[in-house]
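Note on naming: letters A, B, ... go to the chains in the order of the sequence lines (proteins, then strands), and numbering restarts at 1 for each one. Atoms considered below: every heavy atom in the structure, side chains included; atoms not considered: hydrogens, waters and symmetry mates.
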Amino acid sequence: MSVLQNKIDFVAVITCKNANPNGDPLNGNLPRKTYKGLGEITDVCLKRKIRNRLLDMGEAIFVQSDDKNVDGYTSLHDRADSNRELKAAEKAKDKVAYAKAACNAWADVRSFGQVFAFKAEKGGGVSVGVRGPVSIQPAFSVETVDITSTQITKSVNSESKDKKGSDTMGMKHRVDFGVYLLKGSINVQLAELTGFTTEDANHIKEAIRTLFMNDSSSARPEGSMNVEKLYWFEHNNKLGQYSAAKVHDLVKVKYIAEPGKSKDTLKDDYMISLDKLEGLSCEEYDGI
Amino acid sequence: MENAITYQVYGRYALFTDPITRIGGEKTSLFVPTYQALVGVTESIYWKPSIKWRIEKIRILNPIRTESKGIRPIKYGGGNDLSYATYLSDVSYIVKAHFEWNENRKDLAQDFIEHKHFFIAKRCIEKGGRRDIWLGTRECAAYVVPCDFDQEQGYYDNYGEMDFGMQFHSFSYPDENGEGILYARFWKPKMVNGVIEFCKPEECSITKKIHKMNKKTFTEGINFSGLKEPGLLHGDQGGNL
């Protein structure tokens, strides 16, 4: 497959009903909220899910999470060391060859980039950095979100004790309903540097369209998180026909429910509209 | 030589990490962008090794506000940390910059064509930049649009003076200083009615040597092209340059 030739921008509309899209580890795992009250799903959370989907499709992934691990390596360091070409490049102190080998080996390095950390050497830098062509922005909700927190109890102790242990009480939080907008771009100049192909772009597209497949958990039960729409704008040249600012603004999601009459569904409460820019094509997909 | 460009760059968040806060892993943003961060944004719009971007001044349009987020960084050797990062929220800046020839790149002297670089840079601003734009760190995605320096209203337009103390200005890379050494430069920015006029990098009062670094070589045909692109001298179609 050939290296990507045309710039791509994309926007996805995601809904969340009674789920925790992305917990804040330093705030009791409450769903992330900005100071303005908008719900947030971080870029790294979204990239984690895209990597998982790519892994499901059979792609080689460098940053594997412990619970989706397919090759048994428990750290990034071990996985990098397991690659013969990378080892050879490290020995030869050839950073360019190192980056190239890493891009060839793993789809997520080609897509998102990666920093490979080394111990400091005299006269050189301290790590190899690969900048990837796919940039994903954090997704924010269109309207402010309401969070419901519930107290939960565990029905049995983890360890044998006389009475109930202190770890049997806990909290669980959910966003009642939220519509989030995911925005991103794929850049040709950086694709040329990492060898990111048109086929890779199609995999990313499919991964976003099916983002929440095989992702269910107690915090996000099956069906609670959905990609409703994916808009995929492929420009007809490398630089892009229009700026990403203009393209991302084409997708508008408006809250239209009357006060007090919200039904907490996308169909009843929100209106999605798609504007056009002359000469720019848009592929529109429904989620799964 | 009129080779100055102005553009507006805006985003929901920005993180121009104060190096002092990096040590503990809890990154906190400086209140205003550093010179180097703006060079980075401008280079993402357009750059060739034969030119270097000089930032002249910046206008800060929105009130300076911060917002903290809890993050869980993954360690390279396995496991994770937990830390807070403090971002600037809802930022919008207007930047004026111009390019100069990189005189340490005599090998690229045939690429010192003023019109070519100026028009490409103008086109790239209209298309939002050649590469993706971000403010300080890559999770702070941002957009670039064409804009005159005085076009927009700013929160600090009649605010008077505001000082920020000693802070990082920029790096001096080996291909600019020709010494094979990476330096960090520091200065004391002052905002006057929303505008910070940057001092020239070589006028920074404090310079600190960081480490030795080799200058990257560019060889035509291997990792450098751009002297034979078709339509190099085509100008802006609006003709309003």
Side-chain angles (χ1 to χ4, degrees), chain A residues 7 9 23-27 32 34-36 40 42-44 63 65-66 73-78 80 96 112-113 115-117 120 122-127 131-138 140 183-190 193 235 237-249, chain B residues 7-13 26 44-47 65-85 87 89-90 120 123-134 137-146 180-182 211-214 216 222-223 225:
Chain A
K7 193 190 173 205
D9 288 303
D24 184 342
L26 282 164
N27 198 10
R32 285 184 187 274
T34 69
Y35 284 6
K36 287 178 183 159
E40 177 179 0
T42 62
D43 55 318
V44 279
V63 187
S65 69
D66 287 344
Y73 296 111
T74 50
S75 76
L76 300 178
H77 194 261
D78 289 353
V96 177
F112 304 130
V115 174
F116 297 89
K122 273 186 183 169
V126 290
S127 58
R131 194 183 284 181
V134 182
S135 55
I136 306 264
Q137 301 184 14
F140 296 95
K183 297 173 182 176
S185 305
I186 309 181
N187 182 284
V188 177
Q189 224 195 21
L190 293 167
L193 293 177
H235 298 255
N237 60 36
K238 287 185 180 184
L239 182 57
Q241 292 160 265
Y242 299 94
S243 73
K246 280 186 187 159
V247 178
H248 286 159
D249 273 351
Chain B
Y7 60 86
Q8 184 180 3
V9 55
Y10 61 94
R12 275 181 193 259
Y13 294 103
E26 308 233 315
S44 283
I45 295 171
Y46 173 70
W47 181 73
R65 292 199 181 105
T66 60
E67 183 166 340
S68 298
K69 291 176 191 289
I71 52 171
R72 181 176 172 273
I74 304 294
K75 287 184 181 170
Y76 194 63
N80 65 275
D81 280 330
L82 282 177
S83 56
Y84 282 106
Y87 296 82
S89 77
D90 192 16
I120 298 179
R123 279 203 298 272
C124 287
I125 289 174
E126 292 196 353
K127 301 299 164 69
R130 271 201 173 175
R131 296 184 169 184
D132 59 316
I133 308 292
W134 73 91
T137 48
R138 207 166 177 196
E139 71 259 33
C140 302
Y143 296 117
V144 158
V145 291
I181 294 170
L182 176 71
H211 58 65
K212 284 186 191 163
M213 195 177 181
N214 295 326
K216 189 174 175 179
I222 295 174
N223 60 354
S225 67

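Between the OH atom in Y46(B) and the CG atom in L239(A) there is a gap of 11.5 Å [rounded to 0.5 Å]. Rounding to the nearest 0.5 Å gives a distance of 7.5 Å between CD of Q241(A) and NZ of K127(B). Distance check: D24(A) CG to I71(B) CD1 gives 10.0 Å after rounding to the nearest 0.5 Å. Atom OH of Y13(B) and atom CD of E40(A) lie 5.0 Å apart (nearest 0.5 Å).
Judged purely by atom type and a 3.5 angstrom limit, R32(A) uses its side chain to pair as donor or acceptor with the backbone of G70(B). Under the 3.5 Å distance criterion, the side-chain polar atoms of N187(A) are matched with a main-chain donor or acceptor of R130(B).
Interface summary for chain A: among D132(B), I125(B), L182(B), the most heavy-atom pairs under 4.5 angstrom belong to D132(B). For chain A, the option among G11(B), S89(B), S68(B) with the highest count of heavy-atom pairs below 4.5 Å is S68(B). Your options are G184(A), G113(A), G132(A), and the one with the most heavy-atom pairs under 4.5 Å with chain B is G132(A). Each of K69(B), E139(B), R65(B), R138(B) has some count of heavy-atom pairs under 4.5 Å with chain A, and the biggest count is that of R138(B).
What you find for R131(A) and S44(B) is that their closest heavy atoms are NH1-OG, 4.4 Å. Summarising the geometry of A245(A) relative to Y10(B), their closest heavy-atom pair is CB-OH, 3.5 Å, with the distance given to 0.1 Å. Across all their heavy atoms, S75(A) and G78(B) have their closest contact at CB-N, 3.4 Å.
Y35(A) touches chain B through backbone and side chain together, each having a heavy atom under 4.5 Å away. Interface remark: S83(B) contributes backbone atoms only to the contact with chain A (heavy atom separation under 4.5 Å). Heavy atoms of L190(A) lying under 4.5 Å from chain B belong exclusively to its side chain. Contacts between R131(B) and chain A at a heavy-atom distance below 4.5 Å involve backbone atoms as well as side-chain atoms. The contact between R12(B) and chain A is made entirely by side chain atoms (from C-beta outward), counting heavy-atom distances below 4.5 Å. For I136(A), no part sits under 4.5 Å from any heavy atom of chain B, backbone or side chain. Of the atoms belonging to V115(A), it is backbone heavy atoms, and not side-chain ones, that fall under 4.5 Å from chain B. Interface remark: Y84(B) contributes backbone and side-chain atoms alike to the contact with chain A (heavy atom separation under 4.5 Å). Heavy atoms of T74(A) lying under 4.5 Å from chain B belong exclusively to its backbone. K183(A) touches chain B through its side chain: at least one heavy atom from C-beta onward sits under 4.5 Å away, while N, CA, C and O do not.
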Exercise. Kindly indicate, with the supporting measurements, whether the criterion side-chain contact (heavy atoms from CB on, under 4.5 Å) is fulfilled by S243(A) and E126(B).
Key: CA-CA 7 Å; S243(A) 73; E126(B) 292 196 353; over 6 Å; no
Quiz prompt | Check against side-chain contact (heavy atoms from CB on, under 4.5 Å), V145(B) and K246(A) | solution = CA-CA 9 Å; V145(B) 291; K246(A) 280 186 187 159; over 6 Å; no
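Residues R72(B) and L26(A) fail the side-chain proximity criterion, which asks for heavy atoms closer than 4.5 Å. By the 4.5 Å heavy-atom criterion applied to side chains, E67(B) and T34(A) are counted as neighbours.
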